[in-house]
Protein chains: 2
Amino acid sequence: MVQVIFTRRRFTHEVLRATLGPMETPEEPRWLDEEERQAWFALASVLMRLPSALDAQLQRDAGISHFEYQVLAGLSEAPDRTLRMTKLAKFAESALPRLSQVVGRLEKRGWVRRTPDPTDGRYTLATLTGDGWAKVVQTAPGHVAAVRSLVFDPLTKAQARQLTDIGRRIMRTIDPDDRCLGGPN
Amino acid sequence: MVQVIFTRRRFTHEVLRATLGPMETPEEPRWLDEEERQAWFALASVLMRLPSALDAQLQRDAGISHFEYQVLAGLSEAPDRTLRMTKLAKFAESALPRLSQVVGRLEKRGWVRRTPDPTDGRYTLATLTGDGWAKVVQTAPGHVAAVRSLVFDPLTKAQARQLTDIGRRIMRTIDPDDRCLGGPN
DNA sequence: GAAAATCACTTGCACCATGAAGCAATCTGC
DNA sequence: GCAGATTGCTTCATGGTGCAAGTGATTTTC
């Protein structure tokens with residue numbers, strides 16, 4: 001899944017106006033006005049195309065998916081380049097099964113090593129190896145450059161600031177409990 | 001795939017400063033400054049969580065994925081509720097093989113019908129059935145309500161306008177040839 | 001007007017994501 | 001201190017995605 005939606009141009013108005021009679025009228029929803037529709041359309045396009053554009057850059061230049069990069073990056077900035085699987089999953093905003101498989105792949109490639117936590121055998125510690133660190137170091141510049149060129153170069157400084165606020169407001173609505181303001185976890 | 005990336009907090013600076021010596025120095029990339037990092041972090045969160053939040057609403061309330069909704073919606077606003085597969089694919093920003101399978105599923109559910117174009121046997125016309133139209137009519141309000149509550153309710157009018165401009169600038173960078181400004185196709 | 005190229009679409013295959021069940025280590029109630 | 005519940009992680013099965021090859025219809029070329 002993970003895809004995004006439209007509500008394109010005159011669509012929303014027409015659809016319901018046509019055959020709302022026989023249906024249970026859901027108390028006349030508040031449709032999007034023209035400005036909102038344009039904003040939604042612009043946002044939806046970005047939601048669909050920006051992730052794959054960034055993914056493509058990483059895949060092409062480093063042979064890894066964005067999610068894999070994120071896991072490596074998460075470990076690279078952790079103390080001792082080590083994190084428990086659960087923490088890492090939270091960092092990467094992923095479920096455990098997915099992380100488990102990805103870390104398994106990264107382990108096969110020699111970038112990550114798994115060891116049981118000596119203080120509690122239930123935990124698994126994922127550690128970035130030397131090769132993994134080197135991989136991150138060599139991958140990061142290209143990735144940052146892609147983010148810069150696709151996102152920040154076309155925006156003014158003021159717009160980047162606006163974007164911060166906009167993104168945070170939306171995130172607070174989606175998940176108020178999430179530490180998405182750069183706060184610690 | 002289709003996932004999004006981070007470049008979290010102090011990460012970008014530290015990573016490279018540490019071991020750039022032995023690598024070929026990629027002419028000292030321009031890192032993100034503090035404001036940019038915060039903006040990127042906010043945007044990345046939205047890119048990861050908003051699509052799945054919207055998908056979840058549709059899946060829960062209507063039993064369809066967002067992509068399926070998009071296909072149905074695209075047909076519902078087309079003349080005669082009919083579109084050629086290629087046009088529909090462009091509308092849904094998807095490749096043809098994916099669309100072909102999804103339309104196959106929608107056809108099995110009775111919402112879409114496929115017929116060869118009488119004027120050119122290569123084309124396939126996808127048509128929304130009566131049931132398909134009803135499905136869209138009953139699904140749209142909840143979906144629009146989700147978009148409104150997750151995106152526009154938390155934003156000011158001015159921010160919504162800013163968002164339009166921001167999104168368009170980013171899209172122009174990703175794909176300058178795309179008609180993503182609401183223009184016709 | 002027939003061979004070749006092109007076009008629109010479908011199918012097959014490999015990969016990855018998601019959810020349910022499984023397994024092992026630890027904690028809790030008696 | 002031992003059975004049962006809980007926690008953390010892994011594995012398995014299903015289903016969707018994306019790419020490359022395949023099919024059938026139309027246009028082009030000579």
Side-chain angles (χ1 to χ4, degrees), chain A residues 1-4 48-49 51-53 55-56 58-60 63-71 75 82-109 112-127 185, chain B residues 1-4 47-49 51-56 58-60 63-71 75 82-109 112-127 185:
Chain A
M1 257 36 9
V2 182
Q3 280 288 338
V4 141
M48 289 208 289
R49 309 278 308 261
S52 38
D55 234 346
L58 277 172
Q59 199 60 249
R60 176 168 40 80
I64 59 177
S65 70
H66 171 68
F67 184 70
E68 291 171 325
Y69 174 78
Q70 207 168 321
V71 169
L75 290 176
T82 297
L83 233 43
R84 300 208 278 225
M85 292 293 280
T86 312
K87 285 256 191 190
L88 188 54
K90 227 171 257 170
F91 178 89
E93 309 216 30
S94 124
L96 263 168
R98 183 181 179 195
L99 180 65
S100 182
Q101 284 190 315
V102 169
V103 169
R105 263 178 271 151
L106 296 176
E107 202 170 19
K108 267 198 202 102
R109 298 226 242 171
V112 174
R113 189 177 47 245
R114 268 186 291 196
T115 53
D117 187 330
T119 71
D120 185 334
R122 288 173 299 184
Y123 291 93
T124 300
L125 299 177
T127 305
N185 52 342
Chain B
M1 273 346 60
V2 183
Q3 280 289 339
V4 140
L47 288 176
M48 288 209 288
R49 308 278 308 261
S52 38
L54 292 171
D55 233 345
L58 277 171
Q59 199 61 248
R60 176 168 40 82
I64 58 178
S65 70
H66 171 68
F67 184 68
E68 290 171 325
Y69 174 79
Q70 209 168 321
V71 169
L75 290 176
T82 296
L83 234 43
R84 300 208 278 228
M85 291 294 279
T86 311
K87 284 258 191 189
L88 188 53
K90 229 172 257 168
F91 177 90
E93 309 216 31
S94 125
L96 261 169
R98 183 182 178 194
L99 180 66
S100 183
Q101 284 189 315
V102 169
V103 168
R105 266 178 268 151
L106 296 175
E107 202 170 19
K108 268 196 202 102
R109 298 226 243 171
V112 173
R113 189 178 45 247
R114 268 186 290 196
T115 52
D117 188 330
T119 71
D120 186 334
R122 289 174 298 183
Y123 290 94
T124 299
L125 299 177
T127 305
N185 56 342

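Lettering of chains follows the sequences in order, A, B, ..., and the numbering in each one begins at 1.
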Discussion item. Please enumerate all residues that pass side chain to side chain contact (heavy atoms under 4.5 Å, CB included) together with A:D117, with sequence neighbours excluded.
Written reply: A:R84, A:T119, A:Y123, A:L125
Worksheet item: Closest heavy-atom contact between B:M85 and B:S100?
Response: CE-CA, 3.8 Å
Discussion item. On a heavy-atom basis, which atom in A:T127 and which in A:L75 lie closest, and how many Å separate them?
Written reply: C-CD1, 4.3 Å
Discussion item. Just so I know, are the side chains of B:L58 and B:S65 near enough to count as touching, which here means a heavy-atom distance under 4.5 Å?
Written reply: no
Worksheet item: Just by protein heavy atoms under 4.0 Å, how would nucleotides 23-29 of chain C read 5' to 3' in B, S and -?
Response: --BS---
Discussion item. Return the CZ to CD distance between A:R105 and A:E68, rounded to the nearest 0.5 Å.
Written reply: 5.5 Å
d([atom1], [X]; [atom2], [N]) in whole Å:
X      : N      : atom1 : atom2 : result
A:Q59  : D:dT17 : CD    : C1'   : 14 Å
A:D55  : C:dC16 : CG    : P     : 12 Å
B:R105 : D:dG15 : CZ    : C1'   : 8 Å
B:R109 : D:dG15 : CZ    : P     : 13 Å
A:M48  : D:dG18 : CE    : P     : 12 Å

For [X], give me all partners under side-chain hydrogen bond (donor to acceptor under 3.5 Å, both in side chains), at least two apart in sequence or on another chain.
X      : answer
B:R113 : none
B:Q101 : none
A:T115 : none

Under 3.5 Å, which protein N or O atoms sit close to an N or O of nucleotides 10-14 of chain D? Give each pair with its distance.
unit_1	atom_1	unit_2	atom_2	d
D:dT10	OP1	A:R114	NH1	2.6
D:dT10	OP2	A:S100	OG	2.8
D:dT10	OP2	A:R114	NH1	3.4
D:dT10	O5'	A:S100	OG	3.2

Practice prompt. Verify the contact: side-chain N or O of A:R84 to OP1 or OP2 of D:dT7, cut-off strictly under 4.0 Å; return yes or no.
Written response: no
